[in-house]
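Labels below follow one simple rule: chain letters A, B, ... track the order of the sequence lines, proteins then strands, and each chain is numbered from 1.
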Protein chains: 2
Amino acid sequence: MKLTSKGRYAVMALVDLARFDNINPVSLRDISLRQGISLDYLEQIFSKLKKNEIVKSIRGTQGGYVLNKSPNEIKLTNIFHAVDEKVKTVQCKKESKKGCNGKATKCITHNLWDELEVHINTFFENKSLKDLLNNNKETRV
Amino acid sequence: MKLTSKGRYAVMALVDLARFDNINPVSLRDISLRQGISLDYLEQIFSKLKKNEIVKSIRGTQGGYVLNKSPNEIKLTNIFHAVDEKVKTVQCKKESKKGCNGKATKCITHNLWDELEVHINTFFENKSLKDLLNNNKETRV
DNA sequence: TATAAACTTGACCATTTTAGTCGGGTATGT
DNA sequence: ACATACCCGACTAAAATGGTCAAGTTTATA
Ligand code: FES
Ligand code: FES
């Protein structure tokens, strides 16, 4: 199970954005330089963040992005959903009664994977951008 | 973040094994048929489970595999570790002071990913094969 | 003792996903 | 006008995934 760079970058970029957001819009170029993320890749990511109304864009010189909500309203869940970073513990369709690879019934460990998915999503549900802003020095795991 | 089939199959197969384990060894062919997992793939998986002393093998006709420990001693952690299904929330080396892709320092969200990794691993640490055996009818998430 | 069931090992492979890059735009402040 | 910065879609190299295949060795049992 691994977290993809896209998801990781999305959160990194938004934390960066939230920090410098106060007065002026923040350009992707700045984020790219500060966080060491490819500019072209950031553009893909922010296009999705914008579609999902997590950020707003301002075009032209001195343009950039700003948050569209307050940091405590932006949860990891929202960010990951926006960039299609989803938690998948199974392959079969959620709604369907059928199991993986066309089996008539769900597998014997199916409950387990559902539990796991809930467990992970709970973490994402309980973390907001705001938490990440405060936490920078103190946290030590 | 998705769970790979290898990890999922390993757990499925072991639950199946634990159920039929009482008297005779269980052949991979049987597990393959019951769980709908490719026999060749199962062989790869059980080779690793054996190396990690989670199962024992009995060769020859009427042979098969048996658990090498009692079900409550086999945690998901052990199973996943055996088949190299690891939780990775970052790309950089854990021990190193350096960050991802050669950056001098860890990224601003690094604590978060460490927390996430711990959160997921806790789940695996707290589930044993035994839990999965009892849980089959009652659990409903 | 012949045979078949079942484990053992290692190589191989198609497909999908990931993590980008590239090349063109368009809008706008100075 | 021009540089900065967003916008958009296509393309791609490399890695991971989810297997398959071939050629063994071991052992119960008829
Ligand atoms: S994971 Fe698909 S059937 Fe259980
Ligand atoms: S994830 Fe690698 S530096 Fe933080």
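Contact record, I37(B) with S32(B): O-OG, 2.8 Å, taken as the closest heavy-atom pair. The two residues F20(A) and V26(A) have their closest heavy-atom pair at O-CG2, 3.6 Å.
The distance from atom CD of Q62(A) to atom P of dC6(D) is 11 Å, rounded to the nearest whole Å. Per the geometry, NZ belonging to K51(B) stands 11 Å off C1' belonging to dG10(C), to the nearest Å. Separating the CG atom of L42(B) from the C1' atom of dG18(D) is a distance of 12 Å, rounded to the nearest angstrom. Whole-Å rounding puts the D84(B) CG to dG18(D) P distance at 14 Å. Straight-line distance from the CD1 atom of I45(B) to the P atom of dT20(D): 11 Å, rounded to whole Å. Straight-line distance from the CG atom of D30(A) to the C1' atom of dC6(D): 14 Å, rounded to whole Å. Nucleotide dA5(C) holds its P atom 17 Å from the CG atom of N24(B), rounded to whole Å. The distance between atom CG of L49(B) and atom P of dT8(C), rounded to the nearest whole Å, is 12 Å.
Looking only at distances, no side-chain donor or acceptor of D30(B) sits under 3.5 Å from a matching main-chain atom of S27(B). Between the side chain of N121(A) and the backbone N or O of E117(A) there is at least one donor-acceptor pair closer than 3.5 Å.
Both M1(A) and F46(A) lie near DNA chain D, and the one whose nearest nucleotide falls closer to the 5' end is F46(A).
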message: Using a 4.0 Å heavy-atom cut-off to protein, can you give one letter per nucleotide of nucleotides 20-27 of chain C, 5' to 3': B if the base is in contact, S if only the sugar-phosphate is, - if neither?
response: BBB--BBB
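Counting heavy-atom neighbours within 6.0 Å of H81(B) NE2, excluding the residue itself, gives a total of 12 or less.
Residue V26(A) is in sugar-phosphate contact alone, with no base atom involved, counting any heavy-atom pair closer than 4.0 Å across all strands shown. Nucleic acid contact class of S47(A) (heavy atoms, under 4.0 Å, all strands): none. Among the protein residues, Y65(A) comes within range of the sugar-phosphate backbone only, with heavy atoms under 4.0 Å from sugar or phosphate atoms but none that close to a base.
The distance from the OH atom of Y9(A) to the CD atom of Q35(A) is 10.5 Å, given to the nearest 0.5 Å. A distance of 12.5 Å separates SG of C92(B) from NZ of K97(B), quoted to the nearest 0.5 Å.
Contact check, K50(A) against dC7(D): a side-chain N or O comes under 4.0 Å of OP1 or OP2. Between S57(B) and the phosphate of dA6(C), there is no side-chain N or O to OP1/OP2 separation shorter than 4.0 Å.
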field: salt bridge (Lys or Arg N to Asp or Glu O under 4.0 Å) between E43(B) and K48(B), worked out
entry: CA-CA 9 Å; E43(B) 288 181 336; K48(B) 295 185 182 197; over 6 Å; no
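Under the 4.5 Å side-chain contact rule for hydrophobic residues, I58(A) and L17(A) do not share a cluster.
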What does the list of N/O pairs under 3.5 Å between the protein and nucleotides 11-14 of chain D look like, with a distance for each?
none

